[in-house]
Structure formats: structure tokens, C-alpha cells
Protein chains: 2
Amino acid sequence: MSKTFFEELNSENVTGVAYKNINLKKAALAYFANIGNATIADMCKELNLSAPKVTTLLNDLIQDGLVKDYGKVESTGGRKPNLYGLVPDSAFFIGVDIKQNHLNLGLSDLQKNLIRTVEDLPYKLDNNKESLEQLCHHINQFITDLPVPREKILGIGINLSGRINYATGYSYSFFHFDEEPLSKIIEAKIGIRVFLENDSRAMAYGEFCSDSVHGEKNVLFLNLDHGIGMGVLIDGKLYYGKSGYSGEFGHIPLFDNEIICHCGKKGCLETEASGWALVRMFRQKLEEGSSSLLSRRNMQPSEIGLQDIIHAANHDDVLAIELIARIGENLGRGIALLINIFNPELVILGGSLAATEDYIRLPIKSAINKYSLSLVNNDTKLKISRLGERAGIIGACLLVRNKVLIS
Amino acid sequence: MSKTFFEELNSENVTGVAYKNINLKKAALAYFANIGNATIADMCKELNLSAPKVTTLLNDLIQDGLVKDYGKVESTGGRKPNLYGLVPDSAFFIGVDIKQNHLNLGLSDLQKNLIRTVEDLPYKLDNNKESLEQLCHHINQFITDLPVPREKILGIGINLSGRINYATGYSYSFFHFDEEPLSKIIEAKIGIRVFLENDSRAMAYGEFCSDSVHGEKNVLFLNLDHGIGMGVLIDGKLYYGKSGYSGEFGHIPLFDNEIICHCGKKGCLETEASGWALVRMFRQKLEEGSSSLLSRRNMQPSEIGLQDIIHAANHDDVLAIELIARIGENLGRGIALLINIFNPELVILGGSLAATEDYIRLPIKSAINKYSLSLVNNDTKLKISRLGERAGIIGACLLVRNKVLIS
DNA sequence: TAAAGTAAATAAATAAATTTAAAAACTATA
DNA sequence: TATAGTTTTTAAATTTATTTATTTACTTTA
């Protein structure tokens, strides 16, 4: 029943009143999707329709199985209105967050509820066909294990790092073997619509939809991990740029050094302000004889990873805290620049480094004050991500939901 | 007649069918404003309405005096359609572009035609009440000299450099004497609605509406003058940020020098890549004994201004060309960063330095290639402004037109 | 506890839009 | 040059949405 509805939703060559009705249905669904449940009166205001029209519209959507009557709700005097909203289990979405060394998978329903997650599933992201095969296998396994019929899953959102052209479904940094776009290749193997997204942008979207954001329309999200990624919300919408490559904040030429970045250039922000840089600095300090919780545990410098340093900092390791402050200061200079350019209401720090909270936030904050115009930076709040590691799967699910439901 | 219409346009507390009709009128006007003239069939497609409805809508607008029938036009076989469009002289807009040492004024009609301009009117922009008084006087004089009745002028757009809060009408860098917003103060003295805008953003808008831009939706405009300003077009709309302070590209901390910028900070892009920087470098070179067209004309280093250097470069002065190339290289590093962040389709170079054309464009281009990711910068075209000095008044007029007509 | 007041939902009446059909204006081809 | 084919425009018919009025449901106050 609902399947025919989603077909109808994307049908072409519909004109006149039929077209308008489809659009009204979309608008109603989008409203429910964004706002949650609503009364007929709410919908009248939102959609500029009369009560009888909204009533028939809702009845149609109830017939389609997408909307249901949630019963009466309190009123400010007078007859209690009925509340209507989406039927949570009428449709589902899958989010896949591909990290360097593991996979996070999640399932959300129509009402944004995260029903099930599988986190830290061991998986090695390599740029070869076996790795891609493995990925599809994991996704398929996840789906077959779900207590949800396959046909109710309307789409899969996959987050991948590097250059992704969201619109065409091409990935340029990973799995770019064929003529066909990567999204189509995975789609063929799984049999459900696939949407690729840049990992940082997906995390950003997850965060934007969370309660970190209250009505702010211009927000920057920074994914502070080994690399530095960014997602930009402008006017309440994700910003892509021409081909979806926007937000390459990690590779802006901000330093005058001789360190070669992963991108092949010199002087990138990532060479002085990323997780890679932190690991490099940390190892170097140890080799120079500095002491740390980690060295006292007899770890070799070359064995030490980013997670170890973050963990050490959160256990009051002075060297880790010092170096994170240095990273933060460098990063803050970069963020100052973003604030001058974007005049955002809010900057959210996410990714694994954000777990060090004020150890990274405060140096960033003071660098922002130092390097950006005060009238401008007074406008901007600086927060730590609420969702942490989960931002990725949540964002992936919500993006697919949006794609299918709203646009 | 048309006056009552614009009142109706902004009337509140209108609901139901009356509200919808006002919205349709707005949509029709916006369509004409953006696209130009159109046939009934075009409007049907655009507004998703039936032919009879569009006919009555157009008749209403014709009654209001805003739209007229432009007669028949060629067809692809079959009956020739009638073309409808805005009545050019049913409404007018004034644009005022305030420069450091002069004023440009312009009048445009409803059809975007620039009817009259007064350029290079001597005026000294100082941050005091006399200067503000002078400004109002000039504007008033311009208006009384016009062959257009005052009541047909629906608004005045004023471009000012520095921090402008477009929404509230406050200017923070100039004329910030009173509690009241500057726009209201000028409005009171002239008796016509006033809209303030940041100068670079207004120029950007002028350029975006010109034929430099063909369907590109994500465009950056750089105002290369004494300072460096930027206007950003995102998804076809001007980007403001939280309070309208976005685009402070000149004050990003990109250099590690000891030069104090106008903003009070060190290391700003403006200290190494602006008109001010060019003048400083040029004077220094002369003092160090370098030779130039200008020194051979017996000009003292301290007398030399930006225009002189631009003029010299365009007359093949080697020193000027060399230093402009250096400025261009520094600027290019900044633009590379913007390209990484925005992935724009187009970057337009405007402002007085853009008049040196390839002398500035080519060094910028090569720095972009050097400092930004190639997959990203391959997406971006780099053009010199078409409108030159006029971008300001055109942008100011068009912004007011937009404000009154569309939003 | 009844009556007055308020808001939501529904029904009937009315207004407004779309559809369908027909007329008008033009092009292309036999 | 007449006729068939197109496309626009207008007119009439029909559908659809809005208004207005009424009923239902509940709150508040006398």
C-alpha cells in the first residue's frame, strides 16, 4: 500500500490538480518529518489550507498508511484537537558510517527513531574490490538480521571520506573502479536505493538535526579525527557546492611548513592541526625524551595511535593535554577564518578529538578571539558535539529519509 | 494606483483565498523580475496554474499598472502567443554607492534598466555627522533632478563599506552615532525607504545579475580595492550569515608577519594582498631605488596612490606589473582556500584592481592551482568583472528592487 | 451544576479553480 | 490555395476548495 504511494510521489507527467495534490502530500509529510506531530489547525496555518481540505488530505495519507491519528491532546480551552503524525513503522532507513578501521550501521524508522545499531564492526577500508565486496556483505548481513521486511526499507545512506559527488553517486577517493557510479554498483548488489555522502557532511547533518541546534540556520560542523572534515549548514540546508566537494577545510594552505600532507600539498591545515599531526607531534616528543602516561606504560612511539592520546588526555596526561592545546590553537586560527567568512551562529566540534572536550575547545576559543574580528566572533557559539560517534549513522539515516520523503 | 498595490502586497492579516492571490501576484512579479517577459503558457508552467487563472491574474496586474501586454511573438507553429511583462516606468529604484572619495548614484526602472547615473561625484566619506549630512544632501539633489515623480521611487539602496547589519539597518563602521539604525535616520531625511548594504555584497549582487553569470548558483565575488571585500552567492541567493557580517575575507589570518592591519590584528590577508599592501610595497620599492614610470614622472613615493599604480601597470610599467603579480599570488593563496571550502562554480574578480585584468588574474590562477585540491579547483572558473565600477550602483538598485518586489 | 465561552470538526453553501471543449490565429504541406 | 496540424485564447462545464454555519466537545465561571 505505502509502496504505491512512494511510486506516486515520484511520478512524472502529472499536471493540474493531481500534481498539486501530490505536492500537498509531500508538504504535509515534510512538515510531519520536520516538526513531528501536528493538529489540523497547525497544518492549516502551515500549508495555508482550509480545515476541510486538510481533513481530506490527512484522510488520504491515513489511507496510504503513512499517517495516523495519535488521539486527543490538551487545548487552551475549548474542544481538544486530534493529533496526527507519521506512522513510525511504515518505512525505514539504513545508515552506514564507514570509518578507517570499522563500520557503524543503523536503522531508523519514519519518526527519526534509531531502532537498532551495530557499532564498531571490524572492517578495513581499503581502496580495492575485496574491501567493497566486504562492505556490501556487511550491509546485507545487517539487513537480513533486521526484524523489518526488506521492502519497507526505502533507502541506504552510506558515508565515505574523501571526495563524493552526492548528486551523481560517484566516489573519487575510494572504490572508483568502474564507469558506473559507486552508488549504483552497491544498489545493484543489495537491491535497495543507495545514497552516498561525504562522512563529515553526514555527521554534520546528524548534529544539525539533534538538539545541539535550536533554530540556528547557519552552522559549521567540524569533524576532528585523523583528518579534518567540515559540514556546512546554510539557511537550514546542507551546503554542497558545485559537485559536492565543499568543506575541504583540512586542506587549506594556512601554514608555511615543509610537511607533506596526504593530499600531496604542503602547508595544509591538516599538517598542524589534525589527529595525524597530533600523533606525529606526540611520537616526536616521546622520541625527544618527554614523559607521558603512555611512555610509562612502555608503549613504543610508533605504536601509539590517536585514540591512545585522547584517552591519555582524558586521564590527565600532561603531554597529551599540551599537544592537544597546540593542535587546538592551530585549528582555532583556521576556525577564526571560517567565522570571518561565514559569520555563523554556531560552530560544533565533532569527531574523535572532540571527546577531549575543553582540552580542545578552550585553546580553539582563545585562538578564535585572537584571530577573528570581534564583532563577528561575538555572534558565534562554540559547542562540543552531543552525538559523538553516532553522528555519522544518525546523519546517514536522516539524509536518506529526507531524500525519499521531502525532495 | 500602483501605490495601493504595493501596500496590498505587504498587508498582514490576510488569509485564505485573498492571501493566496497576493502570493500568486508576488510570484508572478518575481518571475517577470527574474526572467523578463513571458507568455501565458510560460506562466502556467512556472506557477502551476491553468491558463484561465493566469489570464485573470495578468489582467489584475495590468489593472494595477504593473504589467502590460507586449504584443505577439514568434511561435513554433500555431497561434502566436502574447508576451506580458513589467511596465518599466511604473516604479523606480535608486542605488547609492559610497566610495572613500566619491559617490556613484543611479536610477533604475522596474525592468532593470539603468536610466540615469551620476558617477564620481566628489564626496569624502568621513565618520562624522557632517559627512552624513552631505551624503543625504547629494541623494536629495539627485532625486530632485530626476525626470521621475518622487512617489514612484520605491526605495533607495545604499552601499557602505564595513560591518552592516542589513536586516536591522545598522552600520557599525560608519555613522554609528545614534540609537536608531542608520537606515531609519536617512529614511527620515529623504522620505523614501532606505536599505543599507555592505559595498562588496552589493557589487557582488550586481555582478551576479549581469551576464557574467549564466545559471551558476554558487559564486564568489571579490572586491579588490584598497581593502578586500567579498560577496557570496549560494544557491542563487546572497549569503549574509547571522548578522550580515559574512565575507570578511580581507581579515583572515593567513600570514605570519608583523604588519598591523586596519582591523587592528596582525597577519591579515589585507596586509599582503590588497590595494593598501600594493601601495605600501610600491612606495617601499621606489624608496629603495627601483625605477618606474611614476618615479620618472617625478612623483614622490608618498603621493602615489592605488589608481596611479593600476594606471602604470596598464601602461606596461614593469615594477607595477611585478608587484601586482606578487599581490595576485598572495591573493591566490587566499582564493585557493575559498575554493576548497566553497567548491564554487565561478569566482569573479572585481573592484579597481580587477581593471589590471590578466596582470592580476594569471598570478591568482597559478596560485589557486598550487594551493587548492585539483579535483575541486577544476570545477571553478575565474573571471574578471564585466561591470567594473558600475557593479555597485547596479547591485544597489537591484537589491532594493528585489526587496520591494519579491520578498 | 448550569450557563457562557472557546476551539475543533463536520456539513452545507458558495466561490474559485481546473477541465474540457470550442474558437481563433497561425504554419506547413499537399 | 485549401486543408490538416499546432498552439493560444476564450467559453462553458465540472470539479474542487473555501466560506459560512452548525454541531460537538470541552473549559471556565457564576
Side-chain angles (χ1 to χ4, degrees), chain A residues 8 11-28 31-32 35-64 67-85, chain B residues 8 11-28 31-32 35-64 67-85:
Chain A
E8 178 196 71
S11 54
E12 315 239 326
N13 298 328
V14 181
T15 56
V17 62
Y19 176 84
K20 284 183 183 179
N21 272 329
I22 289 179
N23 267 16
L24 281 179
K25 278 191 179 185
K26 281 187 190 179
Y31 185 66
F32 284 130
I35 306 296
N37 299 350
T39 66
I40 289 179
D42 294 335
M43 305 286 298
C44 287
K45 274 181 205 147
E46 174 66 19
L47 304 173
N48 287 305
L49 295 173
S50 63
K53 177 62 187 164
V54 170
T55 307
T56 57
L57 194 67
L58 287 179
N59 285 336
D60 273 19
L61 287 167
I62 290 170
Q63 279 280 313
D64 291 330
V67 167
K68 75 174 189 185
D69 185 338
Y70 279 88
K72 300 219 176 297
V73 75
E74 285 309 299
S75 86
T76 55
R79 179 171 172 174
K80 290 176 178 171
N82 281 41
L83 204 64
Y84 297 86
Chain B
E8 178 196 69
S11 53
E12 315 238 326
N13 299 329
V14 181
T15 56
V17 62
Y19 175 85
K20 285 185 182 178
N21 272 329
I22 288 180
N23 267 18
L24 281 179
K25 278 190 179 185
K26 280 188 190 178
Y31 184 66
F32 284 130
I35 306 297
N37 300 349
T39 67
I40 290 179
D42 294 335
M43 305 286 297
C44 287
K45 274 181 204 147
E46 175 65 20
L47 304 173
N48 286 305
L49 295 172
S50 64
K53 178 61 186 165
V54 170
T55 308
T56 56
L57 193 68
L58 287 179
N59 285 336
D60 273 18
L61 288 167
I62 289 170
Q63 279 279 314
D64 290 329
V67 167
K68 73 176 193 186
D69 185 339
Y70 279 88
K72 301 219 174 296
V73 75
E74 283 310 300
S75 86
T76 54
R79 179 171 171 173
K80 291 178 178 172
N82 280 41
L83 204 64
Y84 297 86

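Below, chain A is the first sequence line, B the second, and so on; all start at residue 1. Note that these values count all heavy atoms, side chains included, but never hydrogens, waters or copies made by symmetry.
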Open item on the list: Please identify which of these residues, B:Leu47, B:Asp42, B:Asn48, B:Ile40, meets the side chain to side chain contact (heavy atoms under 4.5 Å, CB included) condition with B:Cys44.
Closed with: B:Ile40

- [ ] Among the candidates D:dT8, D:dT19, D:dA11, find the nucleotide nearest to the side-chain atoms of B:Pro52.
- [x] D:dA11

Open item on the list: Between A:Lys72 and B:Lys53, which residue's closest nucleotide on DNA chain C lies nearer the 5′ terminus?
Closed with: A:Lys72

TODO: By nearest nucleotide on DNA chain D, pick out whichever of A:Val17 and B:Pro81 is the more 5' one.
DONE: B:Pro81

- [ ] Round to a whole Å and report the spacing from CG of B:Leu49 to P of C:dA16.
- [x] 15 Å

Open item on the list: Between the base of D:dT8 and the side chain of B:Arg79, is there a donor and acceptor pair under 3.5 angstrom?
Closed with: yes

- [ ] Go through D:dT19, D:dT27, D:dT8 for me and flag the one nearest to the A:Lys80 side chain.
- [x] D:dT27

TODO: Write down the distance between CG (B:Leu57) and C1' (C:dA17), rounded to a whole number of angstrom.
DONE: 12 Å

TODO: Respond yes when some side-chain nitrogen or oxygen of A:Asn48 is under 4.0 Å from OP1 or OP2 of D:dT18, and no when none is.
DONE: no

TODO: Hey, which sits more toward the 5' end of DNA chain C by its nearest nucleotide, B:Ala51 or A:Ala41?
DONE: A:Ala41

Open item on the list: Any donor-acceptor pair under 3.5 Å linking the side-chain atoms of B:Thr56 with those of B:Asn59?
Closed with: no

Open item on the list: Minimum heavy-atom separation for A:Leu58 and A:Val67, please, with both atom names.
Closed with: CD2-CG1, 4.4 Å

TODO: Mind checking A:Asp42 for me? I need base, sugar-phosphate or nothing, with any heavy atom below 4.0 Å counting as a touch.
DONE: nothing

- [ ] Rounded to the nearest angstrom, tell me the gap between atom CG in B:Leu47 and atom P in C:dT18.
- [x] 10 Å

